[in-house]
Amino acid sequence: MLCLQDSGSTSIQAADSTAISGSITPTDKRYEQPPAGGAGSPCPHCVLTVSSPCPHRVLLVSSPGPHRVLLVSSLCPPCVLTVSSPCPHRVLTVSSLCPHRVLTVSSPCPHRVLTVSSLCPPCVLTVSSPCPHRPPVLRIGFLGLGLMGSGIVSNLLKMGHVVTVWNRTAEKCDLFIQEGARLGRTPAEVASTCDITFSCVSGPKAARDLVMGPSGVLQGIRPGRCYVEMSTVDPETITELSQVITSRGGRFLEAPVAGSQQLSNDGMLVILSAGDRTVYEDCSSCFQAMGKTSFFLGTPRTPVELHQRSRLRPVVGGAWRRAKLTRGRLWAACVSGEAGNAARMMLILNMVQGSFMATIAEGLTLAQATGQSQQTFLDILCQGQMASTFVDQKCQNILQGNFKPDYYLKHIQKDLRLAISMGDMANHPTPMAAAANEVYKRAKALDQSDNDMSAVYRAYIH
Ligand SMILES: NC(=O)c1ccc[n+]([C@@H]2O[C@H](COP(=O)([O-])OP(=O)(O)OC[C@H]3O[C@@H](n4cnc5c(N)ncnc54)[C@H](OP(=O)(O)O)[C@@H]3O)[C@@H](O)[C@H]2O)c1
């Protein structure tokens, strides 16, 4: 077994009790290794990616048998280890000539490449890939280099992707060009030259402008090319973007992210997606670079199911009428998970986060108003069931007067506004979010838009 701990020390125990030892750099969360060329490799063409959202970074590596197949799973009961591989068998084979099976496992580089070598001087460990078939190199486009886009693009580049960038304020591209990115002159040019174009901009208007504005994506998109909307927007915007992109033969996925600037830089975002399932699959190496996990929230339907559904369609007045799907539309509808589901889920999550943040600020200021120590309030809070990195970091920052943006206040207020509007349309009450929204609006009036969301605190003290 292989335990990653903060000290970096490890112990490795093969399932057959043969001793194995090694170490992994604890700061690396993902380790990639082409499968070794042992006869036991079920798939010679695949690259195995092991990623762990487990903050404890506890992994179990075991060798279950004489074939020396190395299996990786999580030792840590509350945490989930994701082993994702284009190989359906998800087996990493390490073949060792060393009878003692003494291994060193380390990840020395920022690209998170796993290297395995022998600790045992007389013995030779062989890790090799006979596979000449690397996954095809996709040309990736990225529009929007704000707090989120910057971290995402850095991680795409670190993981070896070929990335073309564009940003409205062109100077923001310079840093990435130095890191190896290419420069796109317009969104249209990026979409026309890249296989998959991602966008991560401030909100619904910017997302629409980027696609439908002058020199927008729509002018460059070609049949089969993918467009992935990562901005947090409302489901109606997603539906509209999906329609215009697919009307030009493009393929569409929405993929908003949960996280912060820090998590974006760390490649630890949570990606929610819906739309064309085939795009979701094509994005897997990108999503692995930018996030710790991804969800597909649309449910693609089978052709038979869709065909049956297509025959009866509701029309105004409650009547039903027959409709017919062409073969092309039928296929498009099959692969298309309900675009808009990810936006809905994202808004609900951000509504909870924004309301929670406002409540924490309210607690801190009430503590002060009633003569209680804010630090003690935080200490007690962080010992209880509500303890979390989020609470700890945001409160510490507030107490230090540090409102440097990790998640812009203006964006969380936008999310609250969109969530409230979604509740309105569903005729569902959202009084907590509505109250929180008012406090954020007050904070915006106090010129806090470009500070972190924790600056909502200032709305209570002014
Ligand atoms: N920050 C977070 O922690 C976080 C977390 C989850 C989700 N999100 C969501 O992710 C998205 C991006 O957030 P962010 O924090 O990266 O925002 P940001 O730092 O404010 O960046 C916004 C980006 O949008 C671009 N933009 C704005 N209006 C535009 C327009 N009309 N046309 C073209 N480009 C335009 C900006 O270009 P310029 O550089 O020229 O201004 C910039 O690249 C938002 O939808 C946000 O809600 C953010």
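For ligands, and for the atoms within them, numbers begin at 1 and follow the listed sequence. Basis for what follows: all heavy atoms, side chains included, without hydrogens, waters or symmetry-related copies. When a residue number appears, it is its place in the shown sequence, counting from 1.
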shortest atom 25 (C) of ligand 1-to-protein heavy-atom contact is with Val201 CG1, 3.8 Å
Determine, for Arg251 against Asp282, whether the closest basic-nitrogen to carboxylate-oxygen distance falls under 4.0 angstrom. yes
The option among Gln353, Met148, Lys172 carrying the non-hydrogen atom nearest to atom 2 (C) of ligand 1 is Met148
For ligand 1, which is the ligand I care about here, please tell me if Ala206 has any N or O atom under 3.5 Å from one of the ligand's N or O atoms. no
Can you tell me which residue and heavy atom of the protein come closest to atom 10 (O) of ligand 1, and the distance to 0.1 Å? Cys200 SG, 3.7 Å
Check whether any side-chain N or O of Glu179 sits under 3.5 Å from a backbone N or O of Ile177 as a donor-acceptor pair, and report yes or no. no
Can you spot which of Val163, Thr164, Val190 makes a side chain to side chain contact (heavy atoms under 4.5 Å, CB included) with Arg182? Thr164
Please work out, at 4.0 Å between heavy atoms, whether the side chain, the backbone, both, or neither of Leu147 comes within that distance of ligand 1. both
Atoms of ligand 1, numbered as shown, that sit under 4.0 Å from any heavy atom of Tyr408: 18 (P), 19 (O), 20 (O)
For Gly259, the ligand 1 atoms whose distance to one of its heavy atoms is below 4.0 Å: 3 (O), 5 (C)
Any nitrogen or oxygen of Trp166, main chain or side chain, under 3.5 Å from a nitrogen or oxygen of ligand 1? no
Please confirm whether His411 comes within less than 3.5 Å of ligand 1 when only nitrogen or oxygen atoms on both sides are compared. yes
How are the rings of Phe356 and Phe390 set relative to one another: parallel (under 30°), tilted (30 to 60°) or perpendicular (over 60°)? parallel
Run the numbers for me: atoms of ligand 1, each under 4.0 Å from some heavy atom of Asp209, listed by number. 31 (N)
Neighbour count above 12 (heavy atom, 6.0 Å) for Met212 CE: yes
Taking only non-hydrogen atoms of Gly144 and a 4.0 Å limit, the atoms of ligand 1 in range are 43 (O)
Got an N/O contact under 3.5 Å between Leu210 and ligand 1? no
Tell me, yes or no, whether the heavy-atom count around Gln400 atom CD, taken from other residues, nucleotides or ligands under 6.0 Å, exceeds 12. yes
Test item: Glu229 and Tyr227 side chains (from C-beta on) under 4.5 Å apart, heavy atoms: yes
Look only at interatomic distance and state if Ala258 has a nitrogen or oxygen under 3.5 Å from any nitrogen or oxygen of ligand 1. no
Among Thr232, Asp406, Leu145, Ile412, whose heavy atom sits nearest atom 9 (C) of ligand 1? Thr232
If you measure every N/O of Met230 against every N/O of ligand 1, is any gap under 3.5 Å? no
If we only count heavy atoms from C-beta on, is the Met290 to Met268 side-chain gap below 4.5 Å? no
Among Leu269, Ile152, Thr169, Leu418, closest by heavy atom to atom 40 (O) of ligand 1 is Thr169
Based purely on interatomic distance, does Ser231 place a nitrogen or oxygen under 3.5 Å from a nitrogen or oxygen of ligand 1? no
With Lys410 as partner, the option from Asp450, Asp415, Asp452 fulfilling salt bridge (Lys or Arg N to Asp or Glu O under 4.0 Å) is Asp450
Could you measure the distance from the CG atom of Asp276 to the OG atom of Ser242? Nearest 0.5 Å is fine. 8.5 Å
Side chain to side chain, Leu253 and Cys226, heavy atoms closer than 4.5 Å: no
Decide whether an N or O pair under 3.5 Å exists between Lys410 and ligand 1. no
Check whether Phe296 forms a cation-pi arrangement with Arg277 (NZ or CZ under 6.0 Å from the six-membered ring centre, at most 45° off the ring normal). yes
Tell me which protein heavy atom sits closest to atom 41 (O) of ligand 1, plus the residue, atom name and distance to 0.1 Å. Arg168 NH2, 3.0 Å
Quick one: does Lys414 get a heavy atom under 4.0 Å from ligand 1? yes
What is the closest protein heavy atom to atom 21 (O) of ligand 1, and at what distance does it sit? Gly146 CA, 3.3 Å
Contact between Val233 and Ile238 at the side-chain level, heavy atoms closer than 4.5 Å - yes or no? yes
Which atoms of ligand 1 sit under 4.0 Å from any heavy atom of Gln261? 3 (O)
Thr186 side chain vs Glu189 backbone, donor-acceptor pair below 3.5 Å: yes
To the nearest 0.1 Å, how far is atom 22 (C) of ligand 1 from its closest protein heavy atom, and which atom is that? Ser202 N, 3.9 Å
Proximity winner for atom 43 (O) of ligand 1, if only heavy atoms of Asp450, Asn167, Val257, Asn350 are counted: Asn167
